[in-house]
Protein chains: 2
Amino acid sequence: MPAEPLARSPAPPDAVLRRLSGYAPLSPDDEALLRRITARPVPVPARTELVRDGEATPRPQVLLEGWACRQRLLADGRRQIVVVLLPGDLIGLSQRRRPLPFGSVATLTTAQVCEVGPLRDCVSWGDGPPGTSLSGTGLPGSGLAAALWQARETEELWLVNQVVRLGRQTAYERVAHFLLELRERLAAVDRVQDERFSFPITQEVLADALGLSVVHMNRTMQQLRRDGLIEQRATAITLRDVPALASIADYTGARTF
Amino acid sequence: MPAEPLARSPAPPDAVLRRLSGYAPLSPDDEALLRRITARPVPVPARTELVRDGEATPRPQVLLEGWACRQRLLADGRRQIVVVLLPGDLIGLSQRRRPLPFGSVATLTTAQVCEVGPLRDCVSWGDGPPGTSLSGTGLPGSGLAAALWQARETEELWLVNQVVRLGRQTAYERVAHFLLELRERLAAVDRVQDERFSFPITQEVLADALGLSVVHMNRTMQQLRRDGLIEQRATAITLRDVPALASIADYTGARTF
DNA sequence: CGCGGTCTTGAGGTTCCTCAAACCTGGTGG
DNA sequence: CCACCAGGTTTGAGGAACCTCAAGACCGCG
């Protein structure tokens with residue numbers, strides 16, 4: 001921990017480290033590498049494009065502070081946010097043989113971002129679950145590679161959740177489900193206190209994430225407030241009744257099962 | 001090609017091989033391995049569960065014939081099909097440290113399935129794009145590992161497509177978009193002739209995939225037929241005007257860009 | 001011939017959307 | 001200090017898209 005009395009309140013040390021160590025035990029070397037790599041974050045304003053759509057070889061980056069999203073725009077201007085990215089999330093780690101229209105990545109708020117090219121070079125993904133290295137043990141490997149693998153699996157889970165929300169849930173259910181997912185993800189990087197967390201996005205963004213119009217988004221949020229399920233003040237939100245929300249949303253977190 | 005005059009019309013040799021070799025050049029050894037592994041397909045009836053939801057270590061399988069899907073069920077019976085699986089698609093290749101609610105995998109039609117455990121053991125995913133092995137060349141590696149990697153990337157693309165369809169497109173657009181995606185995927189395994197391909201699923205399945213009710217699904221298909229965009233006979237479908245469909249759906253294929 | 005599964009049609013209702021305007025809040029400049 | 005503005009939230013009203021319920025038609029199959 002730094003000795004200087006930096007009074008920045010929203011700076012729980014190193015979101016990435018927290019995230020990844022939650023997936024697999026990291027060796028001191030792994031931790032040192034991560035700390036070194038993320039030592040020089042760069043401030044980025046809101047609405048900045050971090051990865052262009054169709055880039056085959058995006059620069060590997062990590063989001064240390066602030067929110068971002070992966071999104072796709074339709075020709076007529078409609079926007080769908082595919083997934084919201086939170087502190088500790090990795091961006092552009094996987095390269096492809098062919099450019100694919102995965103959508104662009106852009107910041108939603110001012111953010112702290114860090115290039116982590118070394119992660120791509122230093123880490124052998126071969127240690128991830130399907131690899132040979134540890135297949136003898138029958139268990140996924142440990143260390144940075146395993147954690148990165150698990151992070152990728154988790155990202156896929158978010159996509160599945162998003163599909164279910166958009167395909168088969170009502171507006172009310174969608175918001176509840178989405179809030180619970182955010183809560184779980186933010187808790188993993190120590191950003192939830194008493195079911196309360198920072199919520200720095202506009203209803204327009206929320207609407208684009210959940211496939212709704214701004215107006216309906218607004219009315220749905222009001223309903224949740226009236227029902228005593230959430231409470232919103234300034235740029236923070238409190239989930240007043242997590243079990244009720246979970247029941248409404250049919251929420252199955254990553255830890256359940 | 002086999003010498004026996006097997007009159008089975010829908011048996012273009014080895015969908016997996018076609019799929020994977022489209023992603024990266026395969027060595028003769030790779031091809032031999034694939035052929036050997038998929039030599040003994042097992043027939044499976046429709047509506048058979050291939051992977052249970054939440055399984056951490058699913059058995060690696062490959063779909064050689066027929067259609068399947070990854071789906072998630074809500075407590076009240078609503079079903080969302082997350083992704084449709086076609087001949088040549090891989091199932092359950094990635095294992096996880098923790099069981100995650102990815103949804104179950106089930107056949108939609110009678111199918112030919114093959115267990116491919118060796119793929120998990122024999123292949124070092126470390127040769128995939130983010131690995132060290134070929135990072136010196138600046139290009140993703142070649143061979144089976146690279147192809148498997150690319151297959152995984154492509155699956156993620158299907159999820160993104162699905163999110164955009166469900167979140168921001170009308171029923172009409174969704175169907176058009178979905179049909180174009182199927183066409184492209186089936187073409188990759190040589191199952192499209194003159195924009196015509198087998199389409200063995202009911203409107204109920206289609207509805208569950210596209211987040212619609214059966215009734216509305218039906219009316220939407222009728223509209224597409226009336227507009228001369230598609231033609232359906234028995235269990236096959238013909239796309240009569242691909243450019244028009246692409247324009248309606250704002251379709252960006254995997255090859256475009 | 002009857003039967004189950006699928007497709008189709010009709011009618012009425014709900015959810016969600018669009019358009020439009022009002023309101024609120026924080027910041028800026030006169 | 002106040003007028004003004006921009007961005008965001010809130011409200012109202014009417015309409016479009018989509019849903020549910022229910023029944024009938026079709027079709028392959030035993």
Side-chain angles (χ1 to χ4, degrees), chain A residues 45-48 67 74 76-81 106-110 165-178 198-227 230-237 248-249, chain B residues 45-47 67 74 76-81 107-110 165-178 198-227 230-237 248-249:
Chain A
R47 287 155 214 249
T48 306
W67 290 27
L74 299 190
D76 61 0
R78 279 176 288 180
R79 165 171 83 154
Q80 177 63 46
I81 290 179
T107 52
L108 294 170
T109 68
T110 58
R165 277 193 292 261
L166 296 175
R168 279 298 181 227
Q169 295 198 297
T170 66
Y172 197 72
E173 294 166 339
R174 276 180 221 184
V175 177
H177 197 281
F178 185 63
S198 161
F199 195 69
I201 54 177
T202 67
Q203 296 189 348
E204 188 189 351
V205 168
L206 209 41
D208 281 341
L210 296 181
L212 300 170
S213 70
V214 187
V215 172
H216 199 60
M217 187 71 245
N218 181 281
R219 293 187 166 128
T220 306
M221 292 294 280
Q222 286 180 51
Q223 190 61 49
L224 283 163
R225 267 178 260 156
R226 257 179 268 128
D227 294 345
I230 65 174
E231 194 174 302
Q232 224 180 336
R233 269 191 347 268
T235 72
I237 197 171
I248 287 164
Chain B
R47 286 157 216 248
W67 289 26
L74 299 190
D76 61 0
R78 278 175 288 181
R79 166 170 82 154
Q80 177 62 46
I81 290 179
T107 53
L108 294 170
T109 69
T110 59
R165 276 193 293 261
L166 296 175
R168 281 297 182 227
Q169 295 198 296
T170 66
Y172 196 72
E173 294 165 339
R174 277 181 222 184
V175 177
H177 196 280
F178 185 63
S198 161
F199 195 69
I201 54 177
T202 67
Q203 296 189 350
E204 188 189 353
V205 168
L206 209 42
D208 280 340
L210 296 180
L212 299 169
S213 71
V214 187
V215 172
H216 199 60
M217 186 72 245
N218 181 282
R219 293 186 166 129
T220 305
M221 293 294 280
Q222 287 182 48
Q223 191 59 48
L224 284 163
R225 268 177 261 155
R226 258 179 269 127
D227 294 346
I230 66 174
E231 194 174 305
Q232 226 180 334
R233 270 190 347 268
T235 73
I237 197 171
I248 288 164

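Computed from a prediction, not measured in an experiment: that's the story for all the values here. Values below: all heavy atoms of this structure, side chains included; hydrogens, waters and symmetry mates excluded. Here is how names work: the chains are called A, B, and so on, in the same order as the sequence lines, proteins then strands, and each is numbered from 1.
- Here A/Thr109 contributes atom OG1 and A/Arg47 contributes atom CZ; the two are 11.0 Å apart, rounded to the nearest 0.5 Å.
- Using a 4.0 Å cutoff to heavy atoms of chain B, the contacted part of DNA chain C runs 5' to 3' from C/dT6 to C/dA11.
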inquiry  = I need a per-nucleotide contact map over nucleotides 9-22 of chain D, read 5' to 3'. Cutoff is protein heavy atoms under 4.0 Å; write B for the base, S for backbone only, - otherwise.
reply    = SBBBB----BSBB-

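- Rounding to the nearest 0.5 Å places CD1 of B/Ile237 at 4.5 Å from CD of B/Gln232.
- Counting all heavy atoms, side chain and backbone alike, B/Trp67 lies closest to B/Ser198 at CZ2-O, 3.4 Å.
- Nucleic acid contact for B/Arg47: sugar-phosphate only, since backbone atoms but no base atoms lie under 4.0 Å from a heavy atom of the residue.
- Side-chain contact check for A/Val175 versus A/Met217: some heavy-atom pair is nearer than 4.5 Å.
- No option in B/Thr220, B/Val215, B/Asn218 other than B/Asn218 meets the side-chain contact (heavy atoms from CB on, under 4.5 Å) test with B/Gln203.
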task = Evaluate the criterion side-chain hydrogen bond (donor to acceptor under 3.5 Å, both in side chains) for residue pair A/Arg225 and A/Gln222; output intermediate values, then yes/no.
result = CA-CA 5 Å; A/Arg225 267 178 260 156; A/Gln222 286 180 51; over 6 Å; no

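- Between B/Leu212 and B/Arg174, the shortest heavy-atom distance links the atoms CD2-NH1, 3.6 Å.
- Atom CZ of residue A/Arg168 and atom CD1 of residue B/Ile81 lie 9.0 Å apart, to the nearest 0.5 angstrom.
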